[in-house]
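Step one of this worksheet: look at the structure below.
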There are 2 protein chains.
Amino acid sequence: MNVLEKIVNSVANFSKSERKVAEVILANPQTTIHSSIAALAKMADVSEPTVNRFCRRLDTKGFPDFKLHLAQSLANGTPYVNRHVEEEDGPEAYTAKIFESTMAALDSARHNVDINAINRAVDVLTQAKKISFFGLGASASVAHDAQNKFFRFNVPVVCFDDIVMQRMSAINSAEGDVVVCISHTGRTKNLCDIAAIARENDATVIGVTAYDSPLARECTLVLSLDVPEDTDMYMPMASRVAQLVLIDILATGFTLRRGSKFRENLKKVKDSLRGSRFEKKDSPA
Amino acid sequence: MNVLEKIVNSVANFSKSERKVAEVILANPQTTIHSSIAALAKMADVSEPTVNRFCRRLDTKGFPDFKLHLAQSLANGTPYVNRHVEEEDGPEAYTAKIFESTMAALDSARHNVDINAINRAVDVLTQAKKISFFGLGASASVAHDAQNKFFRFNVPVVCFDDIVMQRMSAINSAEGDVVVCISHTGRTKNLCDIAAIARENDATVIGVTAYDSPLARECTLVLSLDVPEDTDMYMPMASRVAQLVLIDILATGFTLRRGSKFRENLKKVKDSLRGSRFEKKDSPA
DNA sequence: AGCATATTTGTAATTAAATTACAATAAGTC
DNA sequence: GACTTATTGTAATTTAATTACAAATATGCT
């Protein structure tokens with residue numbers, strides 16, 4: 001974990017003097033990495049051993065080691081420690097924070113995805129007779145996006161964001177069909193029902209959802225994205241971006257599995273759009 | 001510039017012993033940042049001052065400072081190397097690459113967005129009588145997502161992914177209405193028409209599209225995301241994620257502008273979903 | 001080739017920095 | 001209010017890095 005975040009998170013465990021050190025470091029992290037322990041101690045108005053103890057408390061070997069960790073945190077372009085948008089944030093601040101928190105969420109997701117599950121999902125998808133993407137609310141747009149991607153593969157693909165249509169589609173599913181249910185929380189009752197119905201009708205159900213959720217229990221295969229919940233905003237944000245990236249990954253895996261000849265097909269689809277577009281000045285007539 | 005690159009580039013200026021140091025560092029950079037000057041000197045089979053001189057030659061203040069620079073290089077240099085998915089990539093490789101390229105695209109977008117334009121867009125949106133989101137193809141899912149977000153604000157918002165509906169909606173727009181047109185390339189003819197029609201009917205048209213594009217020229221305000229084109233895959237990937245994040249930013253700016261009382265409204269919308277969901281075990285009854 | 005100069009490299013001394021051990025102070029508890 | 005525990009600082013020690021200088025090696029010139 002990012003050292004800066006770690007400082008913020010463990011501020012509760014700090015003593016009064018250690019907190020002073022934390023404040024100084026958070027206020028000028030860039031200066032800190034070029035300071036000696038003596039200089040930093042002076043800035044925070046504490047003694048040198050206090051700074052040293054502060055470093056140890058953050059699981060670093062000592063002050064030099066701490067500076068190393070800090071330098072790495074800063075290098076990743078993570079100036080904002082507190083990524084949560086706050087009341088008084090101006091456009092610059094909230095723009096940066098949202099970009100950063102999204103990137104952080106993706107990074108977290110990246111380290112948590114189960115590659116084997118992805119591989120199996122790609123397996124299943126490549127062999128599907130028909131692929132259905134179901135999502136409700138915020139996840140509906142992810143389902144649409146998935147449809148847009150898989151549609152290009154010239155595979156029978158449908159997408160519904162309407163419970164009734166989803167239900168009908170699920171009831172009509174058969175062996176060899178793949179149903180992908182998308183839900184961040186995995187607690188949407190209707191979608192759980194759909195998953196159950198699809199399974200009863202011998203379809204393979206892939207859940208893009210949280211592991212330990214009612215929806216997950218109804219699925220044949222679960223693709224979980226451990227993205228930290230966006231607690232402060234009352235909207236799904238980062239989690240949904242992670243879902244989209246997961247769809248990208250599945251689509252990519254799909255094309256790779258199908259081989260190079262198949263990819264020419266993709267190009268054809270893209271070229272077909274040309275008529276509906278204005279030509280680029282520099283592109284061939 | 002990255003220190004590792006710098007070492008490679010200036011290898012010509014090094015003396016024999018310095019080159020030995022360079023080799024050892026390049027071979028195990030991760031070890032280097034946790035070694036003392038003595039340990040490194042021993043590994044390279046040179047004296048300690050030689051290592052120190054080596055550091056100075058790379059415009060660092062000394063060995064500790066050099067380690068700091070090296071740590072930073074390792075922090076951001078390593079992951080985003082080869083971002084393009086290749087034929088022979090396994091699940092692990094393409095998963096990592098897609099996550100990384102998406103993150104890289106977001107990072108690039110972050111540094112290129114025009115904060116002023118965002119601020120003006122938020123201005124316009126907060127004052128809108130009605131907001132319409134229009135997108136076609138891959139951008140349609142972004143438009144849906146935007147609708148889902150702004151709908152929660154209890155603002156009149158519509159979203160169409162159908163040219164005919166978009167056209168009718170655009171013709172019916174009036175002063176005070178805001179139309180947001182989403183298109184990565186900005187070259188989709190139909191959408192350019194829609195933007196023009198909306199403007200003729202006194203709506204404010206915000207374009208989430210490329211700066212120098214036909215669509216941009218039809219808009220009142222352009223929000224451009226300079227995301228490197230996804231050249232190898234014949235599908236829009238990273239660009240669309242960046243668009244979503246931009247929508248997140250606009251929505252966030254919107255809520256901040258509307259003040260805290262308004263945010264209670266958001267909570268109400270979220271709570272309203274509770275009935276349709278399975279309760280979490282640990283949540284209050 | 002041989003001498004002289006310049007450059008590179010290493011040894012030892014010095015200095016600076018960080019850590020440890022311990023004492024003093026402050027906070028909390030009965 | 002005295003005792004215990006935790007926190008903080010002072011001073012000593014250790015460790016690491018740097019400097020100064022000397023030896024060795026290489027380079028150039030007659």
Next on the checklist: Going by side chain to side chain contact (heavy atoms under 4.5 Å, CB included), name the residues that satisfy it together with A:Pro91, two or more places apart in sequence or in a different chain.
Outcome noted: A:Tyr94, B:Ile115, B:Asn119

Item to check | Test side-chain hydrogen bond (donor to acceptor under 3.5 Å, both in side chains) applied to A:Asn28 - qualifying residues, sequence neighbours left out | outcome: none

Distance-only donor-acceptor pairs under 3.5 Å for side chains of residues 34-42 of chain B, two or more places apart:
| from | atom 1 | to | atom 2 | distance (Å) |
| --- | --- | --- | --- | --- |
| B:His34 | ND1 | B:Gln30 | O | 3.4 |
| B:Ser35 | OG | B:Thr31 | O | 2.8 |
| B:Ser36 | OG | B:Ala38 | N | 3.4 |
| B:Ser36 | OG | B:Ala39 | N | 3.2 |

Item to check | Partners passing side chain to side chain contact (heavy atoms under 4.5 Å, CB included) against B:Val124 (at least two apart in sequence or in another chain) | outcome: B:Val178, B:Thr204, B:Ile206

Checklist entry - Can you name the side-chain hydrogen bond (donor to acceptor under 3.5 Å, both in side chains) partners of B:Asp89, sequence neighbours left out? => result B:Lys97

Next on the checklist: Strictly by salt bridge (Lys or Arg N to Asp or Glu O under 4.0 Å), give each pair with a member in residues 50-64 of chain A just once, sequence neighbours left out.
Outcome noted: A:Lys6-A:Asp59, A:Glu18-A:Arg57

Scan nucleotides 26-28 of chain C against the protein and return all N/O pairs shorter than 3.5 Å with their distances rounded to 0.1 Å.
| from | atom 1 | to | atom 2 | distance (Å) |
| --- | --- | --- | --- | --- |
| C:dA27 | OP1 | A:Lys16 | NZ | 3.4 |

Checklist entry - Within this structure, what is the CZ-to-C1' distance between B:Arg53 and D:dC21, rounded to whole angstrom? => result 11 Å

Next on the checklist: For a quick check under 3.5 Å, do A:Thr252 and A:Thr255 share a side-chain donor-acceptor pair by atom type?
Outcome noted: no

Item to check | Pairs meeting criterion ring-ring contact (aromatic ring centres under 6.0 Å, His included) with involvement of residues 2-27 of chain B, two or more places apart | outcome: B:Phe14-B:Phe54

Checklist entry - Excluding sequence neighbours, so at least two apart, what forms ring-ring contact (aromatic ring centres under 6.0 Å, His included) with A:Phe99? => result none

Item to check | Strand contacts (DNA chain C) in residues 37-50 of chain B, 4.0 angstrom heavy-atom criterion | outcome: B:Val46, B:Ser47, B:Pro49, B:Thr50

Checklist entry - Tell me, which of residues 54-62 of chain A have any heavy atom that sits under 4.0 Å from an atom in DNA chain D? => result none

Next on the checklist: Restricting to side-chain hydrogen bond (donor to acceptor under 3.5 Å, both in side chains), what partner residues turn up for A:Asp65, sequence neighbours left out?
Outcome noted: none

